[in-house]
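What follows is a single structure, written as structure tokens, with notes after it.
These numbers come from the heavy atoms of this one structure, side chains and all, not from hydrogens, waters or symmetry mates. Order of the sequence lines sets the chain letters (A, B, ...), proteins ahead of strands, with each chain counted from 1.
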Amino acid sequence: MLDLVSALNPPQREAVLVEGGPLLVLAGAGSGKTRVLTHRIAHLIRERGVPPEAILAITFTNKAAGEMRERLAGLVGPAARALWASTFHSACVRILRREAHEVGYERDFTIFDQADQLRVLRACYEELSVDPKRFAPRAVLGRISDAKSRLLTPDGLADEVSGFFDDKVVELYRRYEDRLRLNGGMDFDDLLMLTVELLEGRPAVRERYQQRFEHVMVDEYQDTNHAQYRLVRVLGEPQRNVMVVGDDDQGIYSWRGADIRNILDFERDYPEAHVVALEQNYRSTGTILSAANAVVSRNRGRHPKRLWTDRDDGEPILLATCRDEHEEARLVAAQIRRAVDEGRSHAEIGVFYRTNAQSRVIEDTLVRDGVPYQVVGGPRFYERAEVKDVLAYLRVTANPADAVSFARMVGTPKRGVGPGCVARLSWYAEQLGIPLADAAAQADLVPDLRPAQRTALRELAELLTELRRLDEAGAAVDRILEAALDGSGLRAALAGERTIEAQGRLETLDELVVLAAEYQGRAEEPSLRSFLEEISLYADADAVDQESGRVTLMTIHNAKGLEFDVVMIVGLEESLFPHARSDTPDALEEERRLFYVGLTRARARLVLAHAQSRAMHGGRDYRLPSRFLAELPAEAVEATRSTLSTPAETSWSWGSGARRGAPDLQTGDSVMHATFGEGVITGVEQGGELVRVRFSDAERRLIAASAPMRKVAEG
DNA sequence: ATTCAACGCTTTTTT
DNA sequence: AGCGTTGAAT
């Protein structure tokens with residue numbers, strides 16, 4: 001039998017072996033927390049006789065859940081399959097599918113993604129005659145999401161807020177809720193909120209799940225929100241065998257409602273909690289670790305701690321100054337080449353950035369250089385228009401109440417049925433209290449429709465009947481998908497377009513069919529509903545393939561939990577990283593944690609880059625290096641101007657170091673710029689380092705010292 | 001009533 | 001660079 005603890009260090013061993021009861025593991029980056037988690041579960045199963053199905057293990061991604069199950073199978077054998085290992089959202093769906101009626105939903109409820117949510121919300125704007133320009137829908141949705149993550153109903157929110165904007169939010173939230181229910185739809189926040197309502201509000205249901213889960217374990221606990229916290233709390237009673245693992249330095253989701261206070265609250269709720277700190281890092285070189293420590297220790301709101309390693313210092317961190325984003329991309333390519341020449345595999349290289357848009361230039365360069373790479377995140381496969389179009393047919397098949405999908409389905413391909421027609425149909429459906437799909441079958445009875453529209457609706461209804469028949473007969477998902485593609489005319493419409501774009505979309509749809517077939521072969525109990533559900537809960541991070549032999553490009557958010565031999569972080573510029581929108585002290589600390597997460601992903605080599613100018617919404621911005629660069633210990637860093645192009649005439653340094661004298665520019669001065677021509681200074685920022693200049697076409701912010709620009713007249 | 005083309009505005013991070 | 005809205009053409 002495998003020895004579960006001999007390879008562990010003392011605190012790790014303690015965390016694995018400690019008796020039941022609440023356990024808080026404060027696990028620094030790279031300190032082996034996944035190992036602790038899996039070994040503890042294995043220990044519970046093997047040594048303490050806990051049945052695998054009595055353990056609920058919450059991970060941050062579906063992929064991590066799968067890996068945990070696999071590792072566990074290696075430790076305790078196939079019994080591990082009975083373990084509930086999943087994300088919060090997947091676990092909630094699993095519970096809600098069984099108990100839907102308890103919270104006023106049908107079992108076949110649909111999960112609405114952000115695009116769906118916006119459609120529902122926009123409909124509410126119409127109904128309530130709210131102007132979307134005055135109340136940005138995305139912002140309102142954000143407020144609703146925030147309320148739900150704190151388990152606030154519209155009434156609860158109303159009690160808490162007041163004011164013109166907030167009153168409207170409450171009003172919209174209330175209507176949004178009604179409409180969601182009408183659609184049989186739940187948004188991501190509902191999955192959590194309704195599960196908490198269910199468990200807290202229905203003693204019989206609660207007891208069932210409490211009895212079932214003897215042990216509850218949560219990874220990445222610092223990124224849980226209030227709803228998740230309450231979920232853990234209610235499931236953990238009465239045994240209180242709750243283990244949470246987290247690191248306050250790695251909390252990067254507060255904008256999504258995550259609350260680091262959950263860690264503090266844990267000790268308050270469970271005063272008897274056992275606390276274990278894992279501070280030995282097994283991942284990174286000494287240099288990387290000390291740099292990461294130096295950066296994160298600038299944050300005020302954190303538990304003081306210091307990760308240590310007994311590894312060598314390794315190589316210095318390479319810091320490259322690039323002229324623009326193209327040079328930065330070439331630097332990335334050159335560094336990849338260098339690493340590969342040294343015998344490293346492409347798979348061991350990760351390139352991180354703050355925003356998805358940054359991947360584009362790098363991709364272009366890598367394609368040109370023939371470097372194999374994968375991009376995680378960005379425009380998502382399942383959110384492409386053509387995919388959503390055909391999925392709308394499947395979603396209505398699975399849930400006839402889903403009016404959002406119905407409207408989408410009716411509109412694509414074009415069949416002469418637009419919003420006006422759908423509105424009439426909805427009116428009719430509402431009068432009779434029947435789903436839109438059924439109303440469509442009776443199109444002949446709906447007033448004020450054109451004959452062609454009646455025909456189109458009838459045909460649609462027939463298609464839906466056919467799809468539903470296939471589904472009920474247990475047809476394979478890829479077969480139902482094919483039937484939708486052909487029956488809807490979606491495929492024919494694209495084929496008829498004969499454009500490159502249409503060709504690409506057809507290929508996308510073929511890919512979807514392949515994915516459906518793959519699902520069909522892989523799923524334990526394949527069904528249309530579970531296929532749609534898997535798609536809805538599919539996360540970008542689930543797609544990371546560390547064995548693909550390719551370089552991985554992704555946002556730092558997606559890099560959480562991963563590690564690479566070589567890590568490059570690009571775009572380290574003020575207003576990009578830290579992002580301009582993170583302008584409060586707290587938000588800035590979160591940006592710093594994000595940087596910390598990025599740094600600590602690296603095992604051996606770290607390359608950091610910033611560009612002096614970057615193309616941004618049409619124009620070109622001139623930028624200062626990120627303040628975070630100045631926070632790196634000087635002895636850990638080797639700075640270089642990218643050697644890939646001729647150095648600019650002016651050089652400048654970052655952070656607290658020497659600063660070149662900028663031309664003395666004042667508001668009102670006239671300047672001549674090499675590229676933009678004549679302009680006038682409209683503002684001076686950051687102690688004269690940056691100037692705002694209005695040119696004939698636009699106002700730009702330039703770095704006073706290095707922009708190719710001279711003063712032509714005093715203001 | 002639908003559809004299409006132009007315009008103006010905004011873009012962090014994601015389950 | 002993309003999206004949503006607006007206005008015009010069918």
Side-chain angles (χ1 to χ4, degrees), chain A residues 58-65 86-93 111-115 117-119 122 125 131-133 136-139 141-142 145 148-149 186-193 220 223-225 227-228 251-258 352-361 376-380 382-383 385 410-424 448-450 452-453 456 533 535-543 554-560 571 575-583 587 590-591 593-595 597-598 615-619 621:
Chain A
I58 301 290
T59 56
F60 203 66
T61 62
N62 296 301
K63 182 161 176 282
S86 71
T87 63
F88 271 110
H89 290 87
S90 300
C92 287
V93 170
I111 300 165
F112 277 21
D113 67 14
Q114 188 175 305
Q117 295 179 55
L118 277 171
R119 280 169 196 274
R122 282 180 196 286
Y125 276 65
D131 181 3
K133 289 211 175 110
R138 299 182 77 94
L141 203 57
S145 170
K148 288 190 180 186
S149 74
M186 291 187 196
D187 63 25
F188 288 120
D189 300 301
D190 283 332
L191 299 177
L192 303 170
M193 185 171 176
E220 306 285 5
D223 282 323
T224 52
N225 64 27
Q228 292 165 334
I252 54 175
Y253 281 102
S254 76
W255 50 273
R256 194 168 93 180
F352 307 159
Y353 33 78
R354 178 65 177 80
T355 67
N356 282 303
Q358 290 167 255
S359 73
R360 188 112 183 206
V361 191
V376 178
R380 298 188 199 188
Y382 293 116
E383 280 167 18
V410 162
T412 42
K414 302 280 173 237
R415 43 167 77 87
V417 178
C421 177
V422 174
R424 288 194 185 77
D448 297 323
L449 294 186
R450 295 200 291 232
Q453 296 178 323
E533 185 174 299
I535 288 174
S536 297
L537 297 178
Y538 179 84
D540 290 327
D542 295 331
M554 63 188 142
T555 62
I556 306 180
H557 281 93
N558 270 322
K560 184 165 96 154
S575 89
L576 184 59
F577 195 12
H579 198 273
R581 293 189 61 156
S582 299
D583 51 2
E590 178 147 313
E591 294 282 315
R593 289 194 292 273
L594 190 59
F595 186 43
V597 168
M616 269 304 199
H617 5 116
D621 277 7

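Separating the CZ atom of A:Arg119 from the C1' atom of C:dC3 is a distance of 12 Å, rounded to the nearest angstrom. B:dT13 atom C1' lies 12 Å from atom CD of A:Gln114, rounded to whole Å. For the pair A:Tyr538 OH and B:dT14 C1', the interatomic distance rounds to 14 Å; values are reported in whole Å.
With sequence neighbours excluded, the residues satisfying side-chain hydrogen bond (donor to acceptor under 3.5 Å, both in side chains) with A:Glu591 are A:Arg354, A:Ser582. Under the rule for a side-chain hydrogen bond (donor to acceptor under 3.5 Å, both in side chains), A:Asn225 has no partner lying at least two apart in sequence or in another chain. A:Asp113 pairs by the side-chain hydrogen bond (donor to acceptor under 3.5 Å, both in side chains) definition with A:Lys388, not counting sequence neighbours.
The side chain of A:Arg581 has B:dT11 as its nearest neighbour among B:dT11, B:dT14, B:dT15. With distances taken from any side-chain atom of A:Cys421 to the nucleotides B:dT15, B:dT2, B:dC4, the minimum falls on B:dT2.
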Using nucleotides 5-9 of chain B, report all nitrogen or oxygen pairs with the protein that are shorter than 3.5 Å.
none

Polar pairs (N or O, both sides) under 3.5 Å between protein and nucleotides 6-8 of chain C?
none

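Listed pair A:Gln228 / B:dT15 fails the phosphate criterion, with no side-chain N or O lying under 4.0 Å from OP1 or OP2. Side-chain nitrogen and oxygen atoms of A:Asn558 include none within less than 4.0 Å of the OP1 or OP2 phosphate oxygen of B:dT13.
Residue-level contact check: A:Glu590 touches neither bases nor backbone, having no heavy atom under 4.0 Å from any strand. Residue-level contact check: A:Asn356 touches the backbone only, with heavy atoms under 4.0 Å from sugar-phosphate atoms and none from bases.
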> Where each pair must be Watson-Crick or G-U wobble with both distances under 3.5 Å, what dot-bracket representation of DNA chain B is obtained, with crossing pairs in [ ] and other-strand partners as |?
Replying inline: ||||||||||.....
